[in-house]
Amino acid sequence: MSTAEEEVRQALIASGFDFRKGKASPSKARAYSEGQVSADATESSGSASSVAAPSAASPAESTSSKGAEPAIPSASSPAPSTSAPRRDTHRGDAHRARTVSDGITVTTVHVPQTAPQAAGGQRPRVLAIAGTDPTGGAGILADMKTITACGGYAMGVVTSVVAQNTREVTGIWPQTAQCVEYQLKAVSDDVSIDAVKIGVLGTEEIIDTVHEWLENTDFTRLGGLWRRPGNRANVTQIIGSSALAMPAAGAIPANGAARPVGNTGADDAPVEYADYAEYHGVTHDISTHRRPWTVIDPVMISTSGTRLLSADAEGALRDLLTSGLIDVITPNLPELAALVGEPVATTWEEAIDQGTRLLDKLGGHTRVYVKSGHLKSSTTRADAFIDANTMRAISRNPVVTRLPGSLIATHNTHGTGCALSSALATYRPQCHDWLQAAHKAKAWITGAIAHSDELNVGLGNGPVNHSWNLTQATPIDDIQLHHVTQREMHGRAALPL
Ligand SMILES: Nc1ncnc2c1ncn2[C@@H]1O[C@H](COP(=O)(O)OP(=O)(O)O)[C@@H](O)[C@H]1O
Ligand SMILES: Cc1ncc(COP(=O)(O)O)c(N)n1
């Protein structure tokens, strides 16, 4: 591996992603070594403490005294050396905090190294409700690729057929509300849905349809829970079963401690469930969650400038956002500005201020993930995760967590928002909480952007590389196909593959 490739690898590791299977492209590595990718120092210095998330592969971190981003190194910014102090990977609960502007606390949290995985082939079932992009860079096709790459089983409901490519949008055909309703019901009547990502909704009627579906669907009917590998029954059944009940009488309500509809602000499962989970050795958070974890990317205008949500639908969108049915909203800077009715933020701090105002405006129900892709004045591409303070007795200030990131010099940013929100929805069932999922999603999208130059798709703003963290496909010729004749098949229970 060349030095430049090693630099890229170290930078991505520092951003928290375990990319044991990733491989930096020579062209991208060249760009880094030629200094086209700037280290992020401008906005981060003096503004927030920043700690690289540890990774299983290498816990190297930037040791900058300013606490700058784990910058993607350039010629003038050497890669963290392998002799850099090693992080104590067991400080999962350690955090540092400082104030960046009045009333807002920025916290940086270590992500526990041993994030629970979808072991045993169990993949969370993730539904994308979104529009199309026939070039596969944005919309539902991009969602499918992202969900798969992030470890989920991908499902999709099409809201709008959009004729577009990497340069322009040439036509939009929103589906009827009935068409969307039938698709949604087809899925939820048959499949337990663990997480939902919502993208382009298109019209007021479609927003109302999705709103009603989220509100009225009985997600408990099919169990609605991601089963722990090895469990015969799902958790609804386990909790209801006296044979497996906790020893402490009454610790688990007989009907299961159902998560109330709406976000109570307490993201983690009730204490009773935690006890239950520990008692039964459940390692990942299948929790008492009933309705799917839901992320909305409030797509209003495409990167190429076309409206993807009709202006009269914005009222219906606000109703959905304040319903308590949405867990996280992921606006980009223009969308954030539109949602708070202010000019587009030009600095990270302004963006955070707007994000906290949006959190307030949404009644504190919906967490706000602020995306920095449109920050023109700076080389930071740190995002921010803003959540209501669960320790309200101590402070009512929202908790803002900086998710480190630096500008990558590429035009391949078509569909970054779609991919980020799908990654977030897919990681949530595999993580302890939203914050851990946010760190993972940010690290994953960073890798997908960094590897985008390996693709050659379109003449405009190309897509990110959704499969950057997957292994190379095995060439079909290398697969030992076992040809079974009719005669051989007699007496066999299953076809050998
Ligand atoms: N050139 C870039 N370098 C690094 N990260 C980027 C770049 N462009 C976008 N991102 C990241 O991609 C994610 C999506 O952000 P953004 O592009 O703002 O969303 P959208 O596609 O909705 O406009 C964010 O995490 C953002 O920081
Ligand atoms: C169907 C669909 N959904 C979303 C986007 C936004 O894409 P971008 O992330 O480039 O703003 C898009 N162009 N098309």
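Counting begins at 1 with the first residue of the sequence. When a ligand or atom number is given, it counts from 1 through the structure's own listing order. Computed from heavy atoms alone, side chains included, the values below leave out hydrogens, waters and symmetry copies.
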Is the shortest N/O to N/O distance between [X] and ligand 1 below 3.5 Å?
X: L420; value: no
X: T410; value: no
X: T416; value: yes
X: G373; value: yes

Heavy-atom gap L407 to ligand 1 smaller than 4.0 Å: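 Contact check L407 vs ligand 1: positive.
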Hey, does S372 sit under 4.0 Å from ligand 1 if you only count heavy atoms?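 Yes.
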Just which atoms of ligand 2 are under 4.0 Å from any heavy atom in [X]?
X: G131; value: 1 (C)
X: G417; value: 9 (O)
X: Q164; value: 1 (C), 2 (C), 12 (C), 13 (N), 14 (N)
X: T416; value: 9 (O)
X: G139; value: 1 (C), 2 (C), 3 (N)
X: V200; value: 2 (C), 3 (N), 4 (C)

Please report the shortest heavy-atom distance between A419 and T146, naming the atom on each side.
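Nearest pair, atom of A419 first, then T146: O-CG2, 3.3 Å.
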Could you report the tightest heavy-atom contact between A313 and I207, atom names first, then the distance?
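Smallest heavy-atom distance, with atoms named: O-CD1, 3.5 Å.
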**Asked** With a 4.0 Å heavy-atom cut-off (strictly under), which part of I140 contacts ligand 2: side chain, backbone, both or neither?
**Response**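 For I140, no heavy atom sits under 4.0 Å from ligand 2.
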Practice problem: Could you name each residue pair satisfying ring-ring contact (aromatic ring centres under 6.0 Å, His included) that touches residues 144-186, not counting sequence neighbours? | Solution: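 Non-adjacent pairs meeting ring-ring contact (aromatic ring centres under 6.0 Å, His included): zero.
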Taking only heavy atoms of [X] into account, list the atoms of ligand 1 that are under 4.0 Å away from them.
X: H374; result: 18 (O), 23 (O)
X: T413; result: 8 (N)
X: D383; result: 24 (C), 25 (O), 26 (C), 27 (O)
X: S406; result: 3 (N), 4 (C)

- Evaluation steps, ring pair (Phe, Tyr, Trp, His ring centres under 6.0 Å), between F219 and W213: CA-CA 10 Å; F219 290 105; W213 175 78; 5.4 Å; yes
Less than 3.5 Å between some nitrogen or oxygen of T413 and one of ligand 2, yes or no?
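Checking ligand 2 against T413, no N or O pair falls under 3.5 Å apart.
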Fill in: Any N/O pair G415/ligand 2 closer than 3.5 Å
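By distance alone, the answer is yes.
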| said: Can you pull out every salt bridge (Lys or Arg N to Asp or Glu O under 4.0 Å) where at least one residue sits in residues 127-148? Sequence neighbours excluded, please. | reply: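 Residue pairs passing salt bridge (Lys or Arg N to Asp or Glu O under 4.0 Å), neighbours aside: D143-K197.
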Query - V464, N332, T132: member with heavy atom nearest to atom 1 (C) of ligand 2 - result: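 Ranked by closest heavy atom to atom 1 (C) of ligand 2, first place is T132.
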(message) Tell me the nearest of K371, M300, E335 to atom 19 (O) of ligand 1, using heavy-atom distances.
(response)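 Going through K371, M300, E335 one by one, K371 has the nearest heavy atom to atom 19 (O) of ligand 1.
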Next item on the list: Say whether N412 and N461, considering side chains only, have a donor N or O and an acceptor N or O under 3.5 Å apart.
Entry: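 Checked: N412/N461 side chains show no N/O donor-acceptor pair below 3.5 Å.
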Between the side chains of H451 and E454, is a donor N or O closer than 3.5 angstrom to an acceptor N or O?
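There is such a pair (donor and acceptor under 3.5 Å, judged by atom type) between the side chains of H451 and E454.
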Between D194 and R125, does the salt bridge (charged side-chain N to carboxylate O under 4.0 Å, His left out) criterion hold? Intermediate values first, please. CA-CA 5 Å; D194 298 298; R125 294 143 298 192; 2.9 Å; yes
Q. Closer than 4.0 angstrom: is that true for some heavy atom of C418 and an atom of ligand 2?
A.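 It does, in that a heavy atom of C418 comes within the 4.0 Å cut-off of ligand 2.
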Does any part of the side chain of V180, heavy atoms only, come nearer than 4.5 Å to the side chain of V157, both counted from C-beta?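 With C-beta onward as the side chain, the pair touches.
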4.5 Å side-chain heavy-atom contact, V370 and N332:
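Sidechains of N332 and V370: no contact.
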query = Between I408 and ligand 1, which part of the residue brings a heavy atom under 4.0 Å of the ligand: side chain, backbone, both or neither?
reply =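 The answer is both.
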Counting heavy atoms only, which part of V299 comes closer than 4.0 Å to ligand 1: side chain, backbone, both or neither?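 Answer for V299: neither.
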From CG (D383) to OG1 (T401), nearest 0.5 Å:
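The distance works out to 12.0 Å.
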- Query: Is it true that a side-chain atom of R367 and a backbone atom of D327 form a donor plus acceptor pair closer than 3.5 Å?
  - Reply: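 The answer is yes, because a donor-acceptor pair under 3.5 Å joins these two groups.
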Q. How are the rings of F385 and Y369 set relative to one another: parallel (under 30°), tilted (30 to 60°) or perpendicular (over 60°)?
A.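 Rings of F385 and Y369: perpendicular, as their planes differ by over 60°.
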query: Cation over ring, R402 on W348, under 6.0 Å and within 45°?
result: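 Yes - R402 lies over the ring of W348, closer than 6.0 Å to its centre and within 45° of its axis.
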